[in-house]
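Data first, discussion second: the structure below is written as structure tokens.
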Amino acid sequence: MLLLGSIMPEEFIRLQHGYAKNGLSDEVIALFQNIIYSHYRDNKRDFLWRKSHDPYHVLVSEFMLQQTQTSRVEQKFSEFITRFPHFNDLASASFKEVLSAWQGLGYNRRALMLHHLAKKVVHDYKGILPKTKEALITLPGIGEYTAGAICAFAYNMPVTLIETNVRTVFLHFFFRNSRGVRDAELLLLIEKTADRNNSREWYNALMDYGVMLKQSMPNPSRRSKHHATQSRFEGSDRQVRGKILRELTQHELSFDALVTRVDEPQERMKKILSQLAFESLIVQENGVFRIA
DNA sequence: TTCCGGCTAT
DNA sequence: ATAGCCGGAA
């Protein structure tokens, strides 16, 4: 159990107090970086994807880490890279193979977008992932955060990015008593306090600190304007979609066979199947459904 | 039963 | 702006 003093040093509060505007000064920034890096030196998390700066490895890990905890990604990442070592291998695989390797991670649309992206990189970019945030963000499945993460972790570029752990750290240090804080406001601080010459290490350190904070107190990210509690999983369309795709990675099935195996009403199955087909995750052909 | 999360479509 | 998308651990 951590003492409050160790996660919010008094010296930081005292220093920050003298700067009413935004709590920032060179001194505050230096101390803040010191706190984050000190924790990192002693508590660095040792992930396989942190050992490599290969853009493909970074990309795959970031896709998996969108909405999925590190504990579940660790095993899957290793297997995925072994099965698809390069963009070429992923691009030339069938989507069914890709989805099989994805099983257990959830949010299967990410697998589809990653597959599309690999084909695009091979065909439009000669197998080389673009090196600018603007180009990266045009690719399927890459949004503001993932584009920044690739720039930081693959290319060590001085970018400004925010995700759940970074958000946690800045809410904790700079918005101790605020609620409904917007990312736009946090980003100003993230930009000003960044160790621009060591983006890769800095963001890894911030994320590790954020994880530690969440283990020590109620999640500070709940005070974000963008925090939302989501609908229950049990009985949801998400659950049924997952079941259907899991079945179809095993074998092609007729509508009736699917209804039997998934055990949901026909009308609901029709609706969800047509949605999955619309999203290009599955196709219906010769009376059977299969992975697209 | 509750908790955790980035991208896309609307 | 907001709703929808997954699965497993605690």
Side-chain angles (χ1 to χ4, degrees), chain A residues 45 58-77 98-117 120 133 136-153 159-169 171 180-184 186-187 190 203 206-207 210-249 262 264 268 271-282 291:
Chain A
R45 291 181 300 167
V58 173
L59 175 82
V60 171
S61 71
E62 288 301 336
F63 262 70
M64 290 185 170
L65 290 163
Q66 292 169 2
Q67 307 288 239
T68 305
Q69 293 90 338
T70 54
S71 59
R72 250 186 308 150
V73 168
E74 280 187 289
Q75 172 82 9
K76 290 287 166 186
F77 175 76
V98 177
L99 196 57
S100 298
W102 198 265
Q103 280 308 299
L105 287 171
Y107 292 106
N108 297 299
R109 292 191 303 201
R110 290 181 300 164
L112 183 64
M113 290 189 286
L114 179 58
H115 194 209
H116 280 165
L117 186 153
K120 207 165 173 174
K133 208 178 146 185
L136 286 166
I137 213 162
T138 67
L139 297 170
I142 296 188
E144 191 66 36
Y145 164 72
T146 305
I150 291 166
C151 289
F153 297 133
V159 289
T160 302
L161 63 83
I162 187 166
E163 49 73 77
T164 182
N165 297 313
V166 173
R167 187 178 292 118
T168 297
V169 173
L171 284 167
V181 183
R182 293 165 186 277
D183 281 355
L186 293 172
L187 281 163
I190 296 171
Y203 282 110
L206 276 177
M207 290 177 187
V211 168
M212 179 276 289
L213 284 176
K214 283 190 275 199
Q215 290 164 352
S216 325
M217 64 176 71
N219 190 351
S221 282
R222 287 180 192 152
R223 294 188 285 107
S224 162
K225 166 112 174 60
H226 315 287
H227 179 79
T229 55
Q230 63 138 323
S231 56
R232 62 184 294 113
F233 177 62
E234 198 60 33
S236 69
D237 283 1
R238 306 199 298 286
Q239 185 179 41
V240 177
R241 285 164 58 99
K243 273 188 195 172
I244 292 170
L245 292 180
R246 211 153 41 239
E247 288 293 339
L248 294 180
T249 55
V262 178
E264 290 292 333
R268 185 174 194 206
K271 196 170 138 244
I272 293 176
L273 284 167
S274 70
Q275 189 61 35
L276 286 169
F278 178 75
E279 294 172 37
S280 299
L281 282 157
I282 65 173
I291 301 299

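Each chain gets a letter, A, B and so on, in the order its sequence line appears, and its residues count up from 1.
- Note on Arg109(A): every side-chain N or O is 4.0 Å or more away from OP1 and OP2 of dG4(C).
- Along DNA chain B, the nucleotide closest to Tyr107(A) and the one closest to Met113(A) are compared, and the more 5′ of them pairs with Tyr107(A).
- For Lys76(A) and dG7(C), the NZ to P distance is 11 Å, given to the nearest whole Å.
- When heavy atoms are screened at a 4.0 angstrom cut-off, Glu234(A) is found touching no nucleic acid atom at all.
- Where Thr68(A) and Pro140(A) meet DNA chain B, the nucleotide closest to each residue was compared, and Thr68(A) sits on the side nearer the 5' end.
- Using a 4.0 Å heavy-atom criterion, one finds that Thr146(A) contacts the sugar-phosphate atoms exclusively.
- For Phe233(A), taking side-chain heavy atoms from C-beta onward, the closest of the listed nucleotides dG7(C), dC5(C), dC4(B) is dG7(C).
- Residue contacts for Arg241(A): at a heavy-atom cut-off of 4.0 Å it reaches the sugar-phosphate backbone alone, with no base atom in range.
- Candidate nucleotides dT10(B), dC6(C), dG7(C) were compared by shortest atom distance to the side chain of Gln69(A), and dG7(C) ranks first.
- Of the side-chain N and O atoms in Arg246(A), one or more sit less than 4.0 angstrom from OP1 or OP2 of dG7(C).
- Electrostatic pairing of Arg241(A) and Glu279(A) counts as a salt bridge here, judged by a charged N lying under 4.0 Å from a carboxylate O.
- In this entry the distance linking CD of Glu279(A) with P of dC6(C) reads 7 Å, nearest Å.
- Contact detail for Leu161(A) and Tyr203(A): the closest heavy-atom pair is N-OH, 3.3 Å.
- Nucleic acid contact class of Arg222(A) (heavy atoms, under 4.0 Å, all strands): sugar-phosphate only.
- Checked by distance alone, Arg72(A) brings no side-chain donor or acceptor within 3.5 Å of a matching partner on the base of dG8(C).
- Here Asn219(A) reaches the OP1 or OP2 of dC4(B): one of its side-chain N or O atoms lies under 4.0 Å away.
- Relative to the side chain of Gln66(A), the nucleotides dC3(B), dC7(B), dG7(C) differ in distance, and dC7(B) lies closest.
- A salt bridge is defined here as a Lys NZ or Arg NE, NH1 or NH2 lying under 4.0 Å from an Asp or Glu carboxylate O, and Asp183(A) with Lys225(A) fails to meet this definition.
- The nearest pair of heavy atoms linking Ala111(A) to Leu99(A) is CB-CD1, 4.2 Å.
- The side-chain contact (heavy atoms from CB on, under 4.5 Å) search around Val181(A) returns Leu171(A), Phe175(A), Ser178(A), Glu185(A), Leu186(A), not counting sequence neighbours.
- Counting any heavy atom pair closer than 4.0 Å across all strands shown, Leu65(A) reaches no nucleic acid atom.
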